[in-house]
Amino acid sequence: MVDPSPTPSLEQIQRAWQRFEGQIRETPSWQWQGHRIDRSKPIDSTLFLKLELFQHTGSFKPRGAMTVMRELAPDALQRGVVGVSAGNHGMALAFAAAALGARATVAMPETASPARVEACRALGAEVVLTPDIASAFAKAEELERDGLSYVHPFEGPLTALGTATLGLEFLRQVGKLDALFVAIGGGGLAAGVAAAVKQLQPRCRVFGVEPEGADSMHRSFAAGAPQRIDAVRTIADSLGSPTAMPYSFALCRQHVDELVKVSDDELCAAMALLFADAKLAVEPAGAAALAAMLQCRERLAGQRIGLVVCGANVDPDAFADCLRRGRTGIV
Ligand SMILES: Cc1ncc(COP(=O)(O)O)c(C=O)c1O
């Protein structure tokens with residue numbers, strides 16, 4: 001049985017939101033209407049997008065990184081932070097560190113997209129390139145032993161507290177929702193968002209969305225404990241966590257009502273629809289909520305539905321490939 005104790009309270013979430021003190025953006029929510037989505041969405045439904053792609057660094061990740069770093073003791077903050085990332089987490093770490101006057105070191109595999117490596121550097125991080133992801137973790141551990149504070153990309157109460165602020169903000173902006181869709185990689189985003197939503201609106205059904213080729217949370221739900229998968233195969237690189245972890249798993253198990261798997265083709269089609277109709281250029285993870293909602297559309301007639309558009313860091317060539325693959329049927 002999952003321990004219900006770790007859920008952050010609404011009061012804690014509200015306090016974390018206030019502590020951002022303007023360093024994290026309150027991103028807009030938007031009711032999506034357009035001739036293409038109106039043909040595809042559930043009958044008589046109302047769709048709201050949480051435009052978190054407009055967060056600093058282009059994804060929701062600074063909410064968690066900032067919440068973790070704000071709790072560090074002054075001397076720890078002064079020594080600096082370290083993280084492992086192939087992209088969005090590294091950028092968030094760099095951003096939050098700079099905002100708090102600290103130094104960030106990001107260990108990145110050489111396979112990380114050069115644009116993301118450059119973005120981490122441009123945001124002020126020191127980037128250490130390693131041959132692969134395993135050696136990136138080894139490097140981060142070494143730096144942690146040297147005194148830097150390790151900031152995990154998705155696990156832990158403070159990270160979930162940070163992502164919960166997104167759920168709080170969204171519901172305040174749009175009012176009552178019947179359903180909310182949110183992407184899952186490791187599960188820190190969904191853990192926090194679902195915890196906030198279920199306390200504010202217990203009747204809102206929360207759907208967690210994973211790529212078919214990175215379904216560690218599905219397997220973890222089935223097994224009743226966090227699971228690791230052998231291989232990650234998805235175009236949604238930000239959702240490619242090979243493992244679920246205890247805290248975020250427990251929160252998701254408690255507050256996420258249902259998990260939905262989406263294929264790479266569905267992700268591309270959702271990216272193409274967001275681009276054509278909402279004029280939003282998002283990365284595959286940012287389209288996952290829409291892809292899942294379209295899959296479930298028959299049962300969502302008449303509902304008020306929220307989609308978290310969680311990120312937009314994709315290089316132009318990869319974006320163009322996804323649009324070509326996904327545009328069939330969109331006029
Ligand atoms: C844009 C984007 N969306 C979703 C996720 C998934 O978040 P989590 O790993 O907390 O489930 C990530 C993780 O890096 C991300 O960068």
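We count ligands from 1, going down the list as the structure has it; atoms in each ligand are counted the same way.
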Just to confirm my output: which protein heavy-atom neighbour is closest to [atom], and how far is it?
| atom | value |
| --- | --- |
| atom 7 (O) of ligand 1 | F60 CZ, 3.4 Å |
| atom 16 (O) of ligand 1 | N88 ND2, 2.7 Å |
| atom 3 (N) of ligand 1 | C310 SG, 3.1 Å |
| atom 9 (O) of ligand 1 | G186 N, 2.8 Å |

State the atoms of ligand 1, each with its element, that fall below the 4.0 Å cut-off from a heavy-atom position in [X].
| X | answer |
| --- | --- |
| G188 | 8 (P), 10 (O), 11 (O) |
| G311 | 1 (C) |
| I184 | 11 (O) |
| F154 | 9 (O), 10 (O) |
| E283 | 1 (C) |

[X] and [Y] ion-paired at < 4.0 Å:
| X | Y | value |
| --- | --- | --- |
| R36 | D38 | no |
| R219 | E210 | no |
| E258 | R299 | yes |
| R233 | D264 | no |
| E169 | K50 | yes |
| D321 | R325 | no |

Item to check | Heavy-atom nearest option to atom 12 (C) of ligand 1, drawn from G286, A244, S238 | outcome: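 Answer by nearest heavy atom: S238.
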
Item to check | Pick from G187, A183, S241, A285: the one approaching atom 8 (P) of ligand 1 most closely through a non-hydrogen atom | outcome: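 The option holding the nearest heavy atom is G187.
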
Checklist entry - Is it the side chain, the backbone, both or neither of N313 that has a heavy atom closer than 4.0 Å to ligand 1? => result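 It is neither part, as no heavy atom is under 4.0 Å.
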
Checklist entry - Do L259 and F207 have side chains that get closer than 4.5 Å, going by heavy atoms? => result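 SC-SC contact between L259 and F207 ruled out.
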
Item to check | Pairwise side-chain contact, V84 with V106, heavy-atom cut-off 4.5 Å (strictly under) | outcome: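 Of all side-chain heavy-atom pairs linking V106 with V84, none is under 4.5 Å.
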
Checklist entry - For K61, is the nearest heavy atom under 4.0 Å from an atom of ligand 1? => result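 Yes.
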
